[in-house]
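The analysis underlying the following values was restricted to heavy atoms, covering all of them including side chains, and did not include hydrogens, waters or symmetry mates.
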Amino acid sequence: VQLQASGGGLVQAGGSLRLSCACATSGRAFRSYTVGWFRQAPGKERIFVAGMKSNNGNGIYAESVKGRFTISRDNAKNTVTLQMNSLRPEDTAVYYCVADSSVISSNLASQTAYAYWGQGTLVTVSS
């Protein structure tokens, strides 16, 4: 599985950005993968942002982004999207898309649940 994230950039506080992740799978259909996003701010640990199981359309979010970010997936196009609104300076980070076919619900927010990671895309929010 190969993941390619894009869409990062510089935006002012209060603005919006849309991150996309193109997923190339082999053998197993993309729709069977749980997908998500993590982020790592400068000098900080990488943390969970949002995730979506393969069997439903409900997104799971970190408390810090609830109501501002929306994760979605297009199984026909093998893509995952993170719509980020009302951005804050503290959202500045490198954002990584992730995927795995064996994620259980209780591990959705755990980095170790995901075998496949994209290269990351930098989001910078200026105040």
Passes side-chain contact (heavy atoms from CB on, under 4.5 Å), Ser20 versus Thr79? Steps please.
CA-CA 7 Å; Ser20 293; Thr79 57; 5.9 Å; no
Measure centre to centre between the rings of Tyr96 and Phe38, then say whether the value is under 6.0 Å.
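Tyr96 vs Phe38: aromatic centres not under 6.0 Å.
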Using atom types as modelled and distance alone, determine if a side-chain donor or acceptor of Tyr116 lies under 3.5 Å from a backbone N or O of Thr25.
no
Is the side chain of Gln12 donor-acceptor paired with the backbone N or O of Ser127 at a distance under 3.5 Å, no angle test?
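Not confirmed, Gln12 side chain does not pair with Ser127 backbone.
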Check [X] against [Y] and note the closest heavy-atom contact, atom names and distance.
X: Gln119; Y: Leu3; result: OE1-O, 3.8 Å
X: Ala115; Y: Asp100; result: N-OD2, 2.8 Å
X: Val35; Y: Ala99; result: CG1-CB, 4.1 Å
X: Thr92; Y: Ala41; result: O-CB, 3.5 Å
X: Asp91; Y: Arg68; result: OD2-NH1, 2.7 Å

Non-hydrogen side-chain atoms of [X] and [Y] separated by less than 4.5 Å:
X: Tyr114; Y: Thr34; answer: yes
X: Val94; Y: Arg46; answer: no
X: Cys21; Y: Gln4; answer: no

Starting at [atom1] of [X], measure out to [atom2] of [Y] and round the result to the nearest 0.5 Å.
X: Lys44; Y: Glu90; atom1: NZ; atom2: CD; result: 8.5 Å
X: Trp37; Y: Thr121; atom1: CH2; atom2: OG1; result: 7.5 Å
X: Leu82; Y: Arg39; atom1: CG; atom2: CZ; result: 9.5 Å
X: Arg73; Y: Ser54; atom1: CZ; atom2: OG; result: 6.5 Å
X: Asn58; Y: Met52; atom1: CG; atom2: CE; result: 7.5 Å
X: Asn107; Y: Ser102; atom1: CG; atom2: OG; result: 11.0 Å

Side chains of Ser16 and Asn85 only: does a donor on one sit below 3.5 Å from an acceptor on the other?
yes
Check for me, please, whether [X] and [Y] land in the same ILVMFWY cluster - side-chain distances under 4.5 Å, paths through other members count.
X: Met84; Y: Tyr61; result: yes
X: Val98; Y: Phe48; result: yes
X: Val80; Y: Val65; result: yes
X: Val103; Y: Ile60; result: yes
X: Leu87; Y: Ile71; result: yes

Should we count CD of Gln2 as having more than 12 external heavy atoms under 6.0 Å?
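It does not: Gln2 CD has 12 such atoms or fewer within range.
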Parallel, tilted or perpendicular: which describes the rings of Tyr33 and Phe30, with under 30° parallel and over 60° perpendicular?
parallel
